[in-house]
Asks: 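Can you keep this structure in mind? I'll have questions shortly.
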Amino acid sequence: MVFVRTTPPRPVEVSEVFPELASWARPAIRLHPRPGSPSVRESSVGGPLLWPAEEPWPHCESSHLHRDSGFRQSPVIVRLERRMQARWHPDSGDVGLTPEEAALKERSAARLAERLDAGPPWPADCPVPMLPVAQLYLRDIPLLRPPGQADLLQILWCPYDHEPDYKPSTALFWRSATAVVDILAAPPEPYEVNYRGYVPEPCVLAPEAITEYPVSLDLSPEIRLMVEDRSRWQAAGVEVDSAYGDCPRDFYDCELADAPGWKVGGWPPWGRTDPYRRHCAVCDVQMVPLLTIASFEWDGGEGRSWAPCEDQAAAYAAHYAGQDPSQPTAVEVGSTDNMQLYVCPASPEHPHTDLIQ
């Protein structure tokens, strides 16, 4: 890894204020994705995969909900427009295309037009090539629990909404990196995507091990009442941030519990719904969080305290050019929510599941 990101110390140590929460601590790894040019031999978000040339690229064969969205752009054009946005500056005005970009845009448009002019079956009615979401090597993310001799996790999704939850369908692949000899050089891509937020920007990672505590929704009723009791905080000599008024529970949830952003392990970021336990379809064991795919690395307002020390200036800047620094992957799921992937703790080979929160 070529760069480091460090979560600022929390305002207080949770277990010192509430010793009852010590047993609820969980390890997590914040991935801290940042735009870059990862190789197939590196952990990444949205980067190229170490995919065997002899293995078919995964396609989604489900029905897709793009037909009435009005959005018809290829992943190539989505990425091209982002590069142009990143180059734009208020003092320089509009930024034109380079000759190479203009040629790329023309080829992409011609390819899509040719496909659409051919009539049914439409592109999304055919098997759709899936897009890389993340590639995680065990050497970088030791919290992973791969099956057998696997040391590499690859995650892809279909860039179309799927019923009934209107989210991309996901696919997980475990493999041994040393077993991949011939690498697929040019993976197929979909003709178009349902939504530009389903096209991740290539990002390198700076994994950081942290300790997490559950949000109050995940706590037992008894401990939740303790967290809401201002006298408990005062007895420990902690003055709850005035920004939270008379709501120490909000202070706990926003400043001390689970970290925002892309992460492996840890606790789920509940909020849109109450905790919704997931159980393995094979053995009925309660599943555990594998990966949180986040729309943002930190929230605005008080949530910016989670921005890494190295990114504090960008987090608190009044203006920025190009991509939002809190959204380096350009991914958006749900209504700027999180997608959580869950796996079976008894066997990582059992089917995974996902949930939008």
Asks: Would you call Arg41 and Leu50 a side-chain contact if the rule is heavy atoms closer than 4.5 Å?
Replies: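 They are in contact (side-chain heavy atoms under 4.5 Å apart), so the answer is yes.
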Asks: With rounding to the nearest 0.5 angstrom, report the CD to CZ distance, Glu81 to Arg79.
Replies: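 CZ of Arg79 is found 12.5 Å from CD of Glu81.
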Asks: Can you name the closest pair of heavy atoms from Leu219 and Arg224 and give their distance?
Replies: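 Looking at all heavy atoms of both residues, the shortest contact is O-NH2, 2.8 Å.
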Asks: Do any pairs count as a side chain to side chain donor-acceptor pair (under 3.5 Å) and have a residue in residues 173-187, sequence neighbours left out, and if so which ones?
Replies: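 For residues 173-187, and leaving out neighbouring residues, the side chain to side chain donor-acceptor pair (under 3.5 Å) pairs sorted by first residue read Glu55-Arg175, Gln154-Arg175, Ser176-Thr178.
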Asks: Consider only side-chain heavy atoms of I, L, V, M, F, W and Y, link residues closer than 4.5 Å, and tell whether Leu144 and Leu341 are in one cluster.
Replies: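 Yes; tracing contacts between hydrophobic side chains, which count when under 4.5 Å, links both residues.
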Asks: Can the ring centres of Tyr252 and Trp233 be said to be less than 6.0 Å apart?
Replies: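 Ring centroids of Tyr252 and Trp233 are no less than 6.0 Å from each other.
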Asks: Do the side chain of Gln340 and the main chain of Ile293 share a donor and acceptor less than 3.5 angstrom apart?
Replies: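 Pair absent, no side-chain N/O of Gln340 close to backbone of Ile293.
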Asks: Please examine the side chains of Gln286 and Arg278, heavy atoms only from C-beta on, and report whether any two atoms are closer than 4.5 Å.
Replies: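 No, every pair of side-chain atoms sits at 4.5 Å or beyond.
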Asks: Search all heavy atoms of Ala346 against all heavy atoms of Val285 and return the closest pair with its distance.
Replies: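 Minimum heavy-atom contact is CB-CG2, 4.4 Å.
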Asks: At what distance, to the nearest 0.5 angstrom, does CD1 of Ile356 lie from CE of Met339?
Replies: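 Ile356 CD1 to Met339 CE: 4.0 Å, rounded to 0.5 Å.
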Asks: Mark yes or no for whether Glu297, through its side chain, and Pro325, through its backbone, hold a donor-acceptor pair below 3.5 Å.
Replies: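 Not at all, since once roles are kept as given, no pair shorter than 3.5 Å links the two residues.
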Asks: Any luck finding a side-chain donor-acceptor pair between Ser305 and Glu255 under 3.5 Å?
Replies: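 Note: Ser305 and Glu255 side chains meet the donor-acceptor criterion.
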Asks: Between Ser295 and Val333, is there a donor-acceptor pair closer than 3.5 Å when you use the side chain of the first and the backbone of the second?
Replies: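 Indeed, once roles are kept as given, a pair shorter than 3.5 Å links the two residues.
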Asks: Which atom pair, heavy atoms only, marks the closest approach of Pro19 to Arg232?
Replies: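 Between these two residues, the closest heavy atoms are CD-NH2, 4.2 Å.
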Asks: When you check the side-chain N and O atoms of Thr170 and Asp354, is any donor under 3.5 Å from an acceptor?
Replies: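 Looking only at side-chain atoms, Asp354 and Thr170 do form a donor-acceptor pair, the distance falling under 3.5 Å.
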Asks: Measure the CG-CG distance between Leu136 and Leu152 for me, rounded to the nearest 0.5 Å.
Replies: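 Here the rounded value is 8.0 Å.
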Asks: Verify, without hydrogens or angle tests, whether Asp258 (side chain) and Gly266 (backbone) share a donor-acceptor contact under 3.5 angstrom.
Replies: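 Such a contact is absent between Asp258 side chain and Gly266 backbone.
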Asks: How far does CG of Leu49 sit from CE of Met130, to the nearest 0.5 angstrom?
Replies: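 The distance works out to 11.5 Å.
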Asks: Donor-acceptor check, side chain of Ser43 to backbone of Asp140, threshold 3.5 angstrom: yes or no?
Replies: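 No.
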Asks: Below 4.5 Å, heavy atoms only, C-beta onward: do Leu31 and Leu291 meet side chain to side chain?
Replies: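 When only atoms from C-beta onward are counted, Leu291 and Leu31 do touch, with a gap below 4.5 Å.
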Asks: Does the side chain of Pro132 reach to within under 4.5 Å of the side chain of Pro200, using non-hydrogen atoms?
Replies: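 When only atoms from C-beta onward are counted, Pro200 and Pro132 do not touch, as no gap falls below 4.5 Å.
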Asks: Is there a donor-acceptor pair closer than 3.5 Å between any side-chain N or O of Arg145 and the backbone N or O of Leu143?
Replies: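 Yes; judged by distance alone, with no hydrogens or angles, the pair exists.
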Asks: As an exercise, state the distance from CD1 of Ile210 to CD1 of Ile29, rounded to the nearest 0.5 Å.
Replies: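 Spacing of CD1 (Ile210) from CD1 (Ile29) equals 9.5 Å.
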Asks: Can you confirm whether the side chains of Ser216 and Arg249 place a donor and an acceptor under 3.5 Å from each other?
Replies: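 Ser216 vs Arg249: donor-acceptor pair found between side chains.
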Asks: When you measure from the side chain of Gln135 to the backbone N and O of Val45, does any donor-acceptor pair fall under 3.5 Å?
Replies: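 Looks like no, no N/O pair under 3.5 Å.
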Asks: Specify the closest pair of heavy atoms between Val331 and Gln327, including all atoms of both residues, with the distance to one decimal.
Replies: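 Heavy-atom minimum between the residues: O-NE2, 3.2 Å.
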Asks: Could you go step by step and tell me if Arg304 and Ser326 meet the side chain to side chain contact (heavy atoms under 4.5 Å, CB included) rule?
Replies: CA-CA 9 Å; Arg304 287 179 294 189; Ser326 69; over 6 Å; no
Asks: Strictly under 6.0 Å, is that where the ring centroids of Phe296 and Trp262 end up?
Replies: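 Distance test on ring centres: not under 6.0 Å, no.
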Asks: Does a donor on one side chain sit under 3.5 Å from an acceptor on the other, for Glu332 and Tyr195?
Replies: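 There is such a pair (donor and acceptor under 3.5 Å, judged by atom type) between the side chains of Glu332 and Tyr195.
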Asks: Please say yes or no: joined through hydrophobic side-chain contacts below 4.5 Å, possibly via intermediate residues, are Val343 and Leu138 part of one cluster?
Replies: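 Looking at the clustering, Leu138 is in the same group as Val343.
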Asks: Donor-acceptor pair, distance only, cut-off 3.5 Å: does the side chain of Tyr191 make one with the backbone of Val128?
Replies: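 No.
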Asks: Can a cation-pi geometry be assigned to Arg139 and Tyr137, taking NZ or CZ under 6.0 Å from the six-membered ring centre and within 45° of the ring axis?
Replies: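 Arg139 over Tyr137 ring: yes.
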Asks: With a 4.5 Å heavy-atom cut-off, do Cys280 and Tyr342 have their side chains touching?
Replies: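 Result no, sub-4.5 Å side-chain heavy-atom pair not found.
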Asks: Would you find more than 12 non-hydrogen atoms of other residues, nucleotides or ligands less than 6.0 Å from Gln149 atom CD?
Replies: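 Counting other residues, nucleotides and ligands, CD of Gln149 stays at 12 neighbours or fewer.
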Asks: What is the minimum heavy-atom distance between Pro268 and Val215, and which atoms define it?
Replies: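 Closest approach of Pro268 to Val215: O-CG2, 4.4 Å.
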Asks: Tyr160 versus Ser62: any side-chain heavy-atom pair under 4.5 Å?
Replies: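 In short, these two side chains do not touch, never coming nearer than 4.5 Å.
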Asks: Taking atom types as modelled, is there a side-chain donor on Glu42 or Ser44 under 3.5 Å from an acceptor on the other?
Replies: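 No, no side-chain donor-acceptor contact under 3.5 Å.
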Asks: Consider only side-chain N and O atoms of Asp337 and Ser335, and report whether a donor and an acceptor are under 3.5 Å apart.
Replies: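 Their side chains do not contain a donor-acceptor pair, so the 3.5 Å distance test is not met.
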Asks: Hey, what do you get for CD1 (Ile141) to CG (Leu153), rounding to the nearest 0.5 Å?
Replies: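 It is 9.5 Å, given to the nearest 0.5 Å.
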Asks: With sequence neighbours left out, which residue pairs that include part of residues 197-207 fulfil the side chain to side chain donor-acceptor pair (under 3.5 Å) condition?
Replies: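 Applying side chain to side chain donor-acceptor pair (under 3.5 Å) to every pair that reaches into residues 197-207, excluding sequence neighbours, yields Arg82-Glu201, Asp161-Tyr198.
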Asks: Should Leu217 and Phe18 be counted in the same cluster of Ile, Leu, Val, Met, Phe, Trp and Tyr side chains packed under 4.5 Å apart?
Replies: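 No, it is not one cluster - the side chains of Leu217 and Phe18 are not joined through contacts under 4.5 Å.
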Asks: Compute the ring centroids of Tyr276 and Trp270, then answer whether they are less than 6.0 Å apart.
Replies: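 Centroid separation for Tyr276 and Trp270: 6.0 Å or greater.
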Asks: I need the minimum non-hydrogen distance between Leu131 and Pro159, along with the two atoms involved.
Replies: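 Distance-wise, the nearest heavy atoms are CD1-CB, 3.9 Å.
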Asks: Is a donor on one side and an acceptor on the other found under 3.5 Å between the side chain of Glu13 and the backbone of Val17?
Replies: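 Not a single qualifying donor-acceptor pair exists.
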Asks: So that I can tick it off, tell me whether Glu212 and Arg26 are bridged by a salt bridge, with the cut-off set at under 4.0 angstrom between side-chain N and carboxylate O.
Replies: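 Answer for the salt bridge query: no.
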Asks: Check the hydrophobic clustering (I, L, V, M, F, W, Y; side-chain heavy atoms under 4.5 Å; chains of links allowed) and say if Trp298 and Leu256 are grouped together.
Replies: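 Different clusters: Trp298 never reaches Leu256 through Ile, Leu, Val, Met, Phe, Trp or Tyr contacts under 4.5 Å.
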Asks: Would you say the side chain of Pro187 lies within less than 4.5 Å of the side chain of Leu184, judging by non-hydrogen atoms?
Replies: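 Contact flag for Leu184/Pro187 side chains = yes.
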Asks: Tell me whether His352 contacts the main-chain N or O of His350 through its side chain, where contact means a donor paired with an acceptor under 3.5 Å.
Replies: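 No; judged by distance alone, with no hydrogens or angles, the pair does not exist.
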Asks: Can you confirm whether the side chains of Trp267 and Asp218 place a donor and an acceptor under 3.5 Å from each other?
Replies: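 No, no side-chain donor-acceptor contact under 3.5 Å.
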Asks: Please examine the side chains of Glu208 and Thr6, heavy atoms only from C-beta on, and report whether any two atoms are closer than 4.5 Å.
Replies: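 Answer yes - side chains close enough.
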Asks: Evaluate the criterion side chain to side chain donor-acceptor pair (under 3.5 Å) for residue pair Ser74 and Glu189; output intermediate values, then yes/no.
Replies: CA-CA 8 Å; Ser74 70; Glu189 284 201 327; over 6 Å; no
Asks: May I ask whether Met287 and Val264 are part of the same hydrophobic cluster, defined by side-chain heavy atoms of I, L, V, M, F, W, Y residues being less than 4.5 angstrom apart, directly or through others?
Replies: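 No, separate clusters.
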Asks: Using the salt bridge (Lys or Arg N to Asp or Glu O under 4.0 Å) rule, collect all pairs that involve residues 305-316, keeping only residues at least two apart or in two chains.
Replies: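 Counting only pairs at least two positions apart or across chains, the salt bridge (Lys or Arg N to Asp or Glu O under 4.0 Å) contacts touching residues 305-316 are Arg5-Asp311, Arg34-Asp311.
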